[in-house]
Amino acid sequence: MSSGQTLPLFDDAPQASREQLGTHAWLLRGFALSRADVLLTAIARITAQSPFRQMSTPGGLTMSVGLSNCGALGWTSDSHGYRYTPRDPLTDLPWPSMPAPLLSLAAEAAEAAGFPEFMPDACLLNRYLPGSRLSLHQDRNERDFSAPIVSVSLGMGAIFLFGGHARSDRTTRVSLLHGDVAVWGGEDRLRYHGILPLKDQPHPATGSLRYNLTFRKAG
Ligand code: MD3
Ligand code: FE
């Protein structure tokens, strides 16, 4: 290299910018970057009470992603199905409450994407290890599909699959990087989506881990 230009060592979102994925689906690059430390500290506190665990699907498979929740309701899966519950089945305690900095980040991101007054009552925490994946699915266990979903990515990058309204619709691939926030609602709320098996590209903030927080109005 003779250009003298400094190449970034890690592929975080370079600066705040926005990409439109659909009519009502936005990727806010780097929106959470300046708050990443606060978010990672909150994740550690939440999962000290309600640890990440690998849930079973109704079909009898074990999810490769570790899950926990905060907020009044939490998403769970077991052999009986998917649902939201007010208590953590592992501890029988209420899910940890949603920390104020998480709630305000979600509300600010939603507003920036055209959804003012977003009041999530559930935040699903996903933890990915190298090889973890999330197969193509819709988020449809929430009561009211008129509220958007806000997702925050932290740590290792991932390739997100963004599909259509039928599982067989073609998908486009979008990279999700440390500090990125996605917001989707309206006609994009029920699009199929997933995460390809994670490559091991350790990130300085998390090592060989990726976290994703999804804020939902579930009840
Ligand atoms: C859907 N999480 O927890 S959210 C989930 O990175 C989940 O862990 C993924 O899907 C994760 O249910 C991805 C990111 C996302 C972004 C834009 C979307 C999902 C979207 C646009 C439309 C539909
Ligand atoms: Fe999802």
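Order of listing sets the numbers, starting from 1, for every ligand and every atom in it. Numbers here simply count residues along the sequence, with the first being 1.
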Going by salt bridge (Lys or Arg N to Asp or Glu O under 4.0 Å), name the pairs with one or both residues in residues 100-124, residues two or more places apart or in two chains. R35-E108

Using a strict cut-off of less than 4.0 Å between a Lys/Arg side-chain nitrogen and an Asp/Glu carboxylate oxygen, indicate whether K217 and D144 qualify as a salt bridge. no

Atom pairs and distances, ligand 1 N/O vs protein N/O under 3.5 Å:
| unit_1 | atom_1 | unit_2 | atom_2 | d |
| --- | --- | --- | --- | --- |
| ligand 1 | 3 (O) | N126 | ND2 | 2.9 |
| ligand 1 | 3 (O) | R216 | NH2 | 3.3 |
| ligand 1 | 6 (O) | R210 | NH1 | 2.9 |
| ligand 1 | 6 (O) | R210 | NH2 | 3.0 |
| ligand 1 | 6 (O) | N212 | ND2 | 3.3 |
| ligand 1 | 8 (O) | N126 | ND2 | 3.0 |
| ligand 1 | 8 (O) | Y128 | OH | 2.5 |
| ligand 1 | 8 (O) | N212 | OD1 | 3.3 |
| ligand 1 | 10 (O) | H137 | NE2 | 3.2 |
| ligand 1 | 10 (O) | H193 | NE2 | 2.9 |
| ligand 1 | 12 (O) | H137 | NE2 | 3.1 |
| ligand 1 | 12 (O) | D139 | OD1 | 3.2 |
| ligand 1 | 12 (O) | D139 | OD2 | 3.4 |
| ligand 1 | 12 (O) | R216 | NH2 | 3.0 |

Check for a donor-acceptor pair, side chain of E142 on one end and backbone N or O of I149 on the other, with a separation under 3.5 Å. no

Pairwise side-chain contact, R133 with L196, heavy-atom cut-off 4.5 Å (strictly under): no

Should the pair R127 and Y211 be classed as cation-pi, given the thresholds of under 6.0 Å to the six-membered ring centre and 45° from the axis? no

Could you check whether the rings of Y82 and W75 sit parallel, tilted or perpendicular, using 30° and 60° as the cut-offs? parallel

Considering just N/O/S atoms, say which atom of D139 is closest to the Fe ion (ligand 2). OD1

